[in-house]
Enquirer: 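The structure's right below; bear with me while I get my questions together.
In what follows, every chain begins at residue 1, and chains take the letters A, B, ... in the order their sequences are listed.
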Protein chains: 2
Amino acid sequence: MSSSQDTGRSVLRSLNTGAVLRAVVESGPVSRAGIARATNLSAVTVGAIAGELLGQDLIVENGDTDATAGRPGRLLELNSGAYGSIGVKLSDRSVTGVLTDLRSKVLAEASRPLEHPSAEDFVRVLRDLTTSLTADAGMDWDRLLGVGIGLPGVVDRGAGTAVYSPFLQWIDVPVAELAETALGLPVIVENDVNTLALAERWFGRGQGVQDFLLVTVGQGIGLGVVLGGELHGGARGGVGELGHMVVTDADEACSCGSTGCLEAVASEGALLRQSEVLTQRSGSDPVLDMDELYHRAESDPDHADLVDVAGERIGRGVANLINVLSPELVLVRGPGRFEGSRLAARMTESVAHHTFAGLAGRTELRVEHLDDMPWARGAASLVLSELFMSPATAPGAKAMRSGRIQ
Amino acid sequence: MSSSQDTGRSVLRSLNTGAVLRAVVESGPVSRAGIARATNLSAVTVGAIAGELLGQDLIVENGDTDATAGRPGRLLELNSGAYGSIGVKLSDRSVTGVLTDLRSKVLAEASRPLEHPSAEDFVRVLRDLTTSLTADAGMDWDRLLGVGIGLPGVVDRGAGTAVYSPFLQWIDVPVAELAETALGLPVIVENDVNTLALAERWFGRGQGVQDFLLVTVGQGIGLGVVLGGELHGGARGGVGELGHMVVTDADEACSCGSTGCLEAVASEGALLRQSEVLTQRSGSDPVLDMDELYHRAESDPDHADLVDVAGERIGRGVANLINVLSPELVLVRGPGRFEGSRLAARMTESVAHHTFAGLAGRTELRVEHLDDMPWARGAASLVLSELFMSPATAPGAKAMRSGRIQ
DNA sequence: TCCACTTTCTTTGTAAGCTTAACTAAGAAA
DNA sequence: TTTCTTAGTTAAGCTTACAAAGAAAGTGGA
C-alpha cells in the first residue's frame, strides 16, 4: 500500500486490478481460478494481481474450495477490516459521521451539532468528528482511505465544491479543498442523495443492476441516477431535482421560484400546509406531523383525498422517469411512516397506470425504508467506490485523470 | 483493412487507435504532434498508429502546418471518401436510405415504398435499396463498413431486435440477423430518435458536448439521451418515451393505455383533434393541418389558447428532463413549421419558468429545424460511431465484447 | 498402497505495446 | 551560414499479458 504513485504502472494493469478486486467483492470468497473465469483474464495475470493485492492487505486467503476433484483452490476474500472509510452527512443543523470497513460495515458512528452552517465551522467539527470516530473504532489513522462528504444541493464532484445548497446557504464553497488541508486525507464531495445511490449500487439493492434510480421521499423529494453501473452526475453535478418536476396544472408557488413543482404540491411540507387549510376551514384540530396526517386520512375523507392526490402525483413523477430512462429498478425510500402508508400505495398504483405499456414489466419498483444512518454510510461508500473502480490511484492520492492510456 | 481479426492485438492498442482517430475527426486536419498533445500519447505511439491508419486508408496526409518556427508538421485528416456507410430509416409506409462517407456526407439517397411492413418485405426492399445506393454512389461493395437501421419503437441494439414497434406492429423481430444474412454486411439496429441523437453527437450540435438531450417534436414526441458522450440505451433499449410523460391533470386517454400523456394532450394529432372540437362548436371551417392551425391561432383566441397550453405543457416536459438530468444542451427539433412557431415560443417560455433555479444557465436550449433526411443519415452514423469508438473491431466483424482487457 | 486423473497455481519464455532518449528532418530568423 | 525550434523516427528498455509446461494437492479406482 506504500507505493501508490508509480506513474510508470500502466493503466492497463490498473484496469485489470480493478476487475480482479471487483470479482473478489462481488463473487464473495473465490479462488484465483474462479476469478480468472469471471474476468476472462489468464490465470497467470490473476495470480500476479492477487499477489499484489495480498501484499497491499486488501485481500486475504481464507480456506479452500471443497473440490470434488483436483487440487482445491485457495479462497480469496476482501480483507474488510484492513482499511477504513469515513462518511459524513451534512445537514443544516448537524453533522453525522460513520467509519466503515471495506464492506461498508459501520464500525463507529457519531453526530455533532452544527450551530452556524459556515464552511469554517463545518471543517472544525469535521476534524473533531474524524479523530473521534477513528479513536472509537480503534483504527490507525493511516489506514483511512479517505473521507466522503454528502450534502444537500448541487455539488460539483470533480471540482470538489458545493455549487449551490439552499439548505446550507452555500454557494461555490470549495469543501473538498478545505477538508483536505484540514485532515490530510483525500476528500470526495457529492450530493447526499447521490451518495445514497452509490451505496445501493455497491452494497444494497443496486448490486449487479446496470441502470437504476433511487427516489427519496421525505421532507424533500430527491433522486439519484445510476446508468450503466455509474452514477450520473450531470453538467457540473446538478442532477436529480425530482422535487422540481412538474406533473400537474396546480400552480402552487415553489420555493425555487417556479410553480407546480412536486415539492410544492406533494412533499411532506406541502401536505401539512394543505391539511392546515382543511382543518382551519372545518374548525377541527390541526395536524402537526405526518403520522397524524396519515391517521387523520383514515377517518376524514378530505384528508384521504389530499393524500391520494399527492400519491398520484408522486407516482406520475416516478412513471415519467421510467418512461424516459427505462431503468431496471426504481427504489423508492422514505422514512418508516412512508413504507406501507396510504401515500405509498397510491403512488404505486399511479406508477403502474402511467408507465408506458411498451416498457411494462421491464422496471421493478420497490418501496423501502430509509433510516438516517445510510446517508453517512453512503458518503463513506464514495471512497470505497473509487477504490473498486480504480484501485491503482487509491489510496492516498487524488484520482489521476489524464485521459491517456499507457 | 484486411486483417481486422488479429486477436493477439491488444485492446490497449485498440483504445489508443480510437483516441487517435477521434482526434483526427474532431480536431480536423492535425499533425502527428498535435495528436500527441491532444491525446497525451507519446509522439512515437502516435506515429506508429498513424502509420497503421494510413495503411488502412482511413486517414491521409494533406499539406503542412504553417509553422512560425521549426519544421512544419504534415497534416493528417480523415480520408472521408475511402469507405461508406449505409443508413436506413424505416417507417410504416416507406424505407428511406442514404449512403454516406466517413464524415457523414450523403453520397446517394433513395426511397422505396413499403406495402406491407413485414420483416420479409423489408429485407427484400433493403437489399434492393442497398445495391441501388452503392451503384449510384459509385462505391465498391467491399468499401461498405456496414448498415445502420433506425426504426420507431423499442429496440434492443445489443440483440439486434425490434422489441416492440407499434407503428410497424413488430414484436421481437430479429432485424439485424435477417438483414445481415441477406446483405453479408454488419448491421446495427437502433431506435430512430437515438440514431438522430448519435448523428448530433458526432456530426451535429452535440460535438464535444458530454451530456445532451435531443427532443423531436412532430407527429409524436421523441427523446434521445446522450450522457457522458455515450447514447443511453436503457434496459433492453426502451428509452425516450417522452411522449408518454405526464405533466398535467387533464386525463385524455392515450393510445398507450395511460391517460394525460404529452402525446395525448400536446402532439400534432392532439392539437388537431382539439381544434376539431372548437371548429365544430363554433361552426367555423375545420382546420386540416398544422400550418393552418398556426395561422388560425393568429386570429382566433380559442386556437391561440390551444397552442399556448400545448406549448406550456411540452415546455414542462422538457424542463422536467433538465431538472432531472441537468444536461449541457437540449436540442429541440421539429418540422419547418415548428421552428419559430407560437408553439415553440410558448414552449421556450415554459422551459425557462419551470427549470430549477439552481440549475439555471447551465443548460442551453436550442430549437431547430428537422428535415427528413437526417433520420437516415443518423442511421448511417451508427456504423461510423462504432468505427470511431472501437476501430480495432471494425470493419467487417461484429463488435467483440469479451469484457476482458488484454 | 499406488497410480492415474483433475484442477489449481506458479514458473519460464515470448510477444506486444508504451515510454524515454537520442537522432534526423526541415523550415525560420539572426 | 549558423542557430533555434518544432516534427517525426529509430533504438533501447520496461511493463504487462499470454501460452506452455511444471509443481502442488486433492479424489478415486485397481
Side-chain angles (χ1 to χ4, degrees), chain A residues 3 5-20 23-24 29-55 59 61-76 391-392 400 402-406, chain B residues 3 6-20 23-24 29-55 59 61-76 391-392 402-406:
Chain A
S3 65
Q5 269 319 57
D6 10 8
T7 51
R9 180 195 236 164
S10 152
V11 172
L12 189 54
R13 183 51 160 267
S14 157
L15 287 170
N16 284 338
T17 305
V20 169
V24 172
V30 59
S31 70
R32 289 169 179 75
I35 297 172
R37 281 188 294 269
T39 58
N40 247 322
L41 288 164
S42 73
V44 182
T45 305
V46 172
I49 291 176
E52 281 179 38
L53 293 175
L54 283 167
I59 61 176
E61 289 193 337
N62 186 7
D64 292 355
T65 55
D66 4 338
T68 54
R71 168 179 172 177
R74 273 127 66 199
L75 290 171
L76 299 171
M400 172 200 66
S402 76
R404 154 218 222 160
I405 316 280
Q406 51 191 353
Chain B
S3 64
D6 11 7
T7 52
R9 180 198 237 164
S10 151
V11 171
L12 189 54
R13 184 50 161 269
S14 158
L15 288 170
N16 283 338
T17 306
V20 170
V24 173
V30 61
S31 69
R32 289 169 180 75
I35 297 173
R37 282 188 293 268
T39 59
N40 247 324
L41 288 163
S42 73
V44 182
T45 304
V46 172
I49 291 176
E52 282 179 36
L53 293 175
L54 283 166
I59 60 175
E61 290 193 335
N62 187 7
D64 292 354
T65 56
D66 4 338
T68 53
R71 168 178 169 178
R74 272 127 66 200
L75 289 171
L76 299 171
S402 75
R404 155 219 221 163
I405 316 281
Q406 52 191 351

Enquirer: What is the distance, rounded to the nearest whole Å, between atom CG of L15(B) and atom P of dA16(C)?
Expert: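 Interatomic distance, CG of L15(B) to P of dA16(C): 18 Å.
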Enquirer: Measure the distance from CD1 on I49(B) to P on dG8(D) and round it to the nearest whole Å.
Expert: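 Taking atom P of dG8(D) as the reference, CD1 of I49(B) is at 15 Å.
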Enquirer: What distance do N62(A) atom CG and L75(A) atom CG have between them, rounded to the nearest 0.5 Å?
Expert: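 The CG atom of L75(A) is 7.5 Å from CG of N62(A), to the nearest 0.5 Å.
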Enquirer: Roughly, in whole Å, what's the span from CD1 in I35(B) to P in dC18(C)?
Expert: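 Rounding to the nearest Å, CD1 of I35(B) and P of dC18(C) are 14 Å apart.
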Enquirer: Which pairs with one or both residues in residues 39-51 of chain A pass salt bridge (Lys or Arg N to Asp or Glu O under 4.0 Å), sequence neighbours excluded?
Expert: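 Residue pairs with at least one partner in residues 39-51 of chain A: there are none.
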Enquirer: Hey, is the side chain of N16(A) poking within less than 4.0 Å of OP1 or OP2 on dA17(D), counting only N and O atoms?
Expert: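 N16(A) to dA17(D) OP1/OP2: side-chain N or O found under 4.0 Å.
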Enquirer: Quick one: is dA24(D) close enough that its OP1 or OP2 comes under 4.0 Å of any side-chain N or O from R32(A)?
Expert: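 So the side-chain polar atoms of R32(A) never come under 4.0 Å of the phosphate oxygens OP1 or OP2 of dA24(D).
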Enquirer: Among the candidates dA19(D), dA7(D), dC9(C), find the nucleotide nearest to the side-chain atoms of V44(A).
Expert: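 Shortest atom-to-atom distance from the side chain points to dA19(D).
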Enquirer: Using the test side-chain hydrogen bond (donor to acceptor under 3.5 Å, both in side chains), find all partners of T45(B) that sit at least two apart in sequence or belong to another chain.
Expert: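 T45(B) satisfies side-chain hydrogen bond (donor to acceptor under 3.5 Å, both in side chains) with S42(B) once adjacent residues are dropped.
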Enquirer: Need one value for S31(B): base, sugar-phosphate or nothing, where a base atom within 4.0 Å counts as base even if backbone is also close, heavy atoms only.
Expert: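 If one applies the 4.0 Å heavy-atom cut-off, S31(B) turns out to touch the sugar-phosphate alone, with no base involved.
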Enquirer: Over how many whole Å does the gap from L53(A) atom CG to dC9(C) atom P extend?
Expert: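 Nearest whole value for this atom pair: 15 Å.
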Enquirer: Over how many whole Å does the gap from E52(B) atom CD to dA16(C) atom C1' extend?
Expert: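 Spelled out: CD on E52(B) to C1' on dA16(C) is 11 Å.
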Enquirer: D64(A) has an atom CG; how far is it from atom P of dG26(D), in whole Å?
Expert: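 Nearest whole value for this atom pair: 7 Å.
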Enquirer: Could you pull out the closest heavy-atom pair between L76(A) and A50(A), with the gap in Å?
Expert: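 Closest pair (atom of L76(A), atom of A50(A), distance): CD1-CB, 4.0 Å.
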Enquirer: Select one nucleotide: of dC18(D), dG8(D), dG17(C), the one nearest the side-chain heavy atoms of R13(B).
Expert: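 My answer, after comparing the listed nucleotides, is dG17(C).
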Enquirer: Check the phosphate of dG27(C) against R74(B), side-chain N and O only, distance under 4.0 Å to OP1 or OP2. Yes or no?
Expert: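 It does not, given that no N or O in the side chain of R74(B) lies less than 4.0 Å from OP1 or OP2 of dG27(C).
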Enquirer: Does anything in residues 29-42 of chain A pair up under salt bridge (Lys or Arg N to Asp or Glu O under 4.0 Å), and if so which pairs, sequence neighbours excluded?
Expert: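 Those involving residues 29-42 of chain A are R32(A)-E61(A).
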Enquirer: Under 4.0 Å: is that the gap between some side-chain N or O of T45(A) and OP1 or OP2 of dC18(D)?
Expert: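 Yes, because at least one side-chain N or O of T45(A) sits under 4.0 Å from OP1 or OP2 of dC18(D).
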Enquirer: Hey, what are the protein-to-nucleotides 23-25 of chain C N/O distances that come in under 3.5 Å?
Expert:
from, atom 1, to, atom 2, distance (Å)
dA25(C), O4', R71(B), NH1, 3.4
dA25(C), N3, R71(B), NH1, 3.4

Enquirer: Could you give the CG-to-C1' distance, from N40(A) to dA17(D), as a whole number of Å?
Expert: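 In whole Å, dA17(D) C1' and N40(A) CG are 14 Å from each other.
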Enquirer: Could you list the residues that satisfy side-chain contact (heavy atoms from CB on, under 4.5 Å) with A23(B), not counting sequence neighbours?
Expert: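 Result, side-chain contact (heavy atoms from CB on, under 4.5 Å) vs A23(B): I35(B), T39(B).
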Enquirer: How would you list, by chain and number, every residue that makes a side-chain contact (heavy atoms from CB on, under 4.5 Å) with D64(B), sequence neighbours excluded?
Expert: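 Result, side-chain contact (heavy atoms from CB on, under 4.5 Å) vs D64(B): P72(B), R74(B).
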Enquirer: Name the closest nucleotide to the P72(B) side chain, picking from dC18(D), dC18(C), dA26(C).
Expert: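 Within the option list, the nearest is dA26(C).
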Enquirer: Can you tell me how far C1' of dA25(D) sits from CG of L75(A), to the nearest Å?
Expert: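 It is 15 Å, rounded to the nearest whole Å.
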